[in-house]
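In this text, all values refer to a predicted model and were calculated from it rather than measured experimentally. Along the sequence shown, residues carry numbers from 1.
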Amino acid sequence: MATVIEQAKEQMGKSVEATKENFTGIRTGRANPALLNGLTVEYYGVPTPIKAVATIGVPEPRTLAVTPYDASQANAVEKAIRDSDLGVSPRREGSVIYATMPELTEERRKEYVKIAKTKAEEGKVAVRNIRRKAKETIDKSVKDGDLGEDDGDRQLKELDKITKQFTDELDSLLETKQKEIMEV
């Protein structure tokens, strides 16, 4: 029956990883290739993620260099970056597109902190939902007689312990991200 706990732990770990992934898309003062994750380019009539049609590098702390694999796609890539909500004006040198991240205003930083808090809360909700489902499974096993009450209580305590462990991890990730965003 420990498999319920193991499954819950694995799923909670995935929720934390998903939250980390969500955090990478939130801007800080530095350039990060993950900022372009949501952008798509019209590639021969098909919306395609930018990272599938170009390499993305970080030559300077606040600059992204995007080099399309197919030089004829440079205009489409430049347009996708310009039209995005990143607030950057890309410039082109040959087929390489440079996007310099503007300095963040205090107001914009606070908006990003709110977004980070929302993403962290979504992660916590996912962890708590996993806990609830695992608890229902354990309670049902105790009720059906497949598991003794003492074992059920022990597993519920273990479940609560790992739930707290994962929500604490999400809190510390949020704290780190907030510091990163507010850093001038």
Checking E158 against R154 for the side chain to side chain contact (heavy atoms under 4.5 Å, CB included) test, could you report, in this order, the C-alpha distance in whole Å, the side-chain angles of both residues, the deciding distance, and whether it holds? CA-CA 6 Å; E158 174 70 14; R154 202 172 305 114; over 6 Å; no

Does [X] belong to the same Ile/Leu/Val/Met/Phe/Trp/Tyr cluster as [Y], with side-chain heavy atoms less than 4.5 Å apart forming each link?
X    : Y    : result
L39  : Y98  : no
M182 : L173 : yes
L156 : V4   : yes
V125 : V127 : no

Min side-chain heavy-atom separation [X]-[Y] under 4.5 Å:
X   : Y   : answer
I50 : I81 : yes
K51 : L36 : no
T55 : Y69 : yes
M12 : E10 : no

Minimal non-hydrogen separation, [X] against [Y], with atom names:
X    : Y    : result
V66  : P68  : O-CD, 3.6 Å
V142 : G152 : CG2-CA, 3.7 Å
Y44  : S72  : OH-OG, 4.1 Å
K9   : F166 : O-CZ, 3.6 Å
A80  : V41  : CB-CG2, 4.1 Å
L159 : T163 : O-OG1, 2.7 Å

Stepwise, does the side chain to side chain contact (heavy atoms under 4.5 Å, CB included) test hold for Q73 with V53? CA-CA 8 Å; Q73 292 300 308; V53 297; 5.6 Å; no

Take I181 and Q178, measure what side chain to side chain contact (heavy atoms under 4.5 Å, CB included) needs, and give me the verdict at the end. CA-CA 5 Å; I181 292 170; Q178 283 177 303; 5.8 Å; no

Ignoring hydrogens and angles, tell me if any N or O in the side chain of [X] forms a donor-acceptor pair with the backbone of [Y] under 3.5 Å.
X    : Y    : answer
S172 : E169 : yes
R92  : I97  : no
T63  : P59  : no
T48  : V46  : yes

Rounded to the nearest 0.5 Å, what separates atom [atom1] in [X] from atom [atom2] in [Y]?
X    : Y    : atom1 : atom2 : result
I5   : I138 : CD1   : CD1   : 4.0 Å
F23  : T176 : CZ    : OG1   : 9.0 Å
N75  : E42  : CG    : CD    : 14.0 Å
L147 : E149 : CG    : CD    : 10.0 Å
D151 : S141 : CG    : OG    : 10.5 Å

So that I can tick it off, tell me whether [Y] and [X] are bridged by a salt bridge, with the cut-off set at under 4.0 angstrom between side-chain N and carboxylate O.
X    : Y    : value
E180 : K177 : yes
R82  : E78  : yes
D153 : K157 : no
E107 : K110 : no
K140 : E136 : no
D160 : K135 : no
K124 : D171 : yes

Just do the side chain to side chain contact (heavy atoms under 4.5 Å, CB included) check on Q7 and I130 with the steps written out, would you? CA-CA 9 Å; Q7 282 178 330; I130 293 163; over 6 Å; no

Can I get a per-line list of side-chain donor-acceptor pairs under 3.5 Å for residues 112-123, giving both atom names and the distance, sequence neighbours left out?
unit_1	atom_1	unit_2	atom_2	d
Y112	OH	R108	NH2	3.1
T118	OG1	K114	O	2.9
E121	OE2	R128	NH2	2.7

